[in-house]
There are 2 protein chains.
Amino acid sequence: MSRRGEAAWLKDYDASAYPPFALTVDLCIFTIRDDVLQVLLVRRSDHPYKGFWALPGGHVEHGRESAEDAAVRELCEETGIAWEGHLEQVRTYSDPQRDPRIKAGLQVASVAFAALAPSLPEPSAGSDAADVRWWPVAEVPELGYDHARILADALERVRSKLEYTSLATQFVEEPFSLGELRKVYTAVWGEAPDLGNFRRKVLSTPGFVVAAAARGESGGRPAQLYRRGEAVLLHPAMLRPSG
Amino acid sequence: MSRRGEAAWLKDYDASAYPPFALTVDLCIFTIRDDVLQVLLVRRSDHPYKGFWALPGGHVEHGRESAEDAAVRELCEETGIAWEGHLEQVRTYSDPQRDPRIKAGLQVASVAFAALAPSLPEPSAGSDAADVRWWPVAEVPELGYDHARILADALERVRSKLEYTSLATQFVEEPFSLGELRKVYTAVWGEAPDLGNFRRKVLSTPGFVVAAAARGESGGRPAQLYRRGEAVLLHPAMLRPSG
DNA sequence: ACAAAAGTGTTTTCAGTACACCCATGC
DNA sequence: GCATGGGTGTACTGAAAACACTTTTGT
């Protein structure tokens, strides 16, 4: 097939033959504050679901962005920081009834992402949000759209990814101690992995963490500090305490 | 928020304010034929990528379907059977440049699915395909769009899901012998798990398989037959031989 | 001295690995 | 008998679980 051949059919191509979908992204931005897993929610200042708490997100800009690009852009707009951490596509939600705008002839499909971050600055409400705040995942209020479902899926994804990847290191600021890293697992799983076994598992997995020279101080004995290693997958997995 | 309140803003909602996306599904339909993992491909009879082999798929019907619904419908159209097996959403591809129709002003986002099936009837070419056939995954030709990438992602998903779920049972017809089930792992991983260890792992996992009364005959000793159990997750996972 | 956090051993238990061996059937 | 596929046994190894214990700091 030649480039010239492509151009020919493109001239005749009728884009309007296909009814329009809107493509949006929804973000589950997780962090750990006060040793508890928290998620960023915004209170909607516009219809639909005006007044409801919901996941931050927005429209993918047509012709210029992928859903991933849009997620990074929205993350920046919502949290005020240039995103550099891990961004995980969870899944896409496209049920026609999931967004009330179907009644106006618009079917909205949304690509959900999970983002993990070390503790972030307190966010400030943007243009399209009446309020923004971190919520402990156990205390989230009723959410608009199908965001309760999306959040549940994202949470399960994060929990299980901790088991077989080095994802937990995305929640801590470098350099970090093994105690800090263990707190991540404790917060996400709701139960603390055994201290000794945890240390052995992390240190015996090549590339999970790499030692950093410095030592910090807190209340007790200074800890050896580490940075993130190159390893992504854990083989075998670190199993959560109660299966 | 009242229903009455919703109706009010909907009247003023301008759906055309958002540029149109097309939403499609791409299907990686896997089966095992001749003890080899195979995938269904179609040869495109229309632009774009006319003449290229590609994954089957098509447009989500606006206002009437979710991507999952569309996947089931396309599966039926492509393979001629009412789908009852497992359908796994892999991820969504939305890079503006992934589909040449962006030059005609249409950005096409595609939700990819992986479907697993026991051996299916030989497919016949449908209206929008010049040819249809099964391809061993090691021998697939050059593909149109970004389908090589999609297929690679789906393959990796299937391979890893065999490790920690009972997904393999979706590839065999009930009732099945453990030898048949083991062939699934062999085909997907490219290496045979140890016979004895495999049997022990499967039989010791509650709900992986349940014994069926009948016994079959082939060339050798008749095998105990099984049906799929209720278990979905394997804890701990069954690891593939070479990491 | 004592609290707090880091870090080390040790014993038990269990699961994965590798491989050898026995069973039932058709030809 | 022997090929074919089904099925069992066992010794070796290594990692996970549970828990006790020691070390180094701040106050």
Let me know the distance between [atom1] of [X] and [atom2] of [N], rounded to the nearest Å.
| X | N | atom1 | atom2 | result |
| --- | --- | --- | --- | --- |
| K201(B) | dC14(C) | NZ | P | 15 Å |
| F176(A) | dA6(C) | CZ | P | 13 Å |
| R199(A) | dA15(D) | CZ | C1' | 18 Å |
| L239(A) | dA15(D) | CG | P | 14 Å |

Using the ring-ring contact (aromatic ring centres under 6.0 Å, His included) rule, collect all pairs that involve [range], keeping only residues at least two apart or in two chains.
| range | answer |
| --- | --- |
| residues 136-162 of chain B | Y49(B)-Y145(B), Y145(B)-H147(B) |
| residues 183-208 of chain B | Y185(B)-W189(B), Y185(B)-F198(B) |
| residues 148-181 of chain B | none |

For R182(A), enumerate each residue passing the salt bridge (Lys or Arg N to Asp or Glu O under 4.0 Å) test, keeping only those at least two apart in sequence or located in another chain.
-> none
Non-neighbouring partners of R133(A) that pass salt bridge (Lys or Arg N to Asp or Glu O under 4.0 Å), sequence neighbours left out = none
Residues at least two apart in sequence or cross-chain that pass side-chain contact (heavy atoms from CB on, under 4.5 Å) with P206(B), listed by chain then number, are none
Under the side-chain contact (heavy atoms from CB on, under 4.5 Å) rule, collect the residues that match up with D153(A), sequence neighbours excluded.
-> V90(A), R91(A), Y93(A), R149(A)
Which of these nucleotides, dG16(C), dA6(C), dG7(D), is closest to any side-chain atom of S177(A)?
-> dA6(C)
What does the inter-axis angle of the helix from dA1(C)-dT27(D) to dC27(C)-dG1(D) come out as, five pairs per end, nearest 10 degrees?
-> 10°
For nucleotides 19-27 of chain C, just jot down a letter per nucleotide in 5' to 3' order: B, S or -, based on protein non-hydrogen atoms under 4.0 Å.
-> B---BBBS-
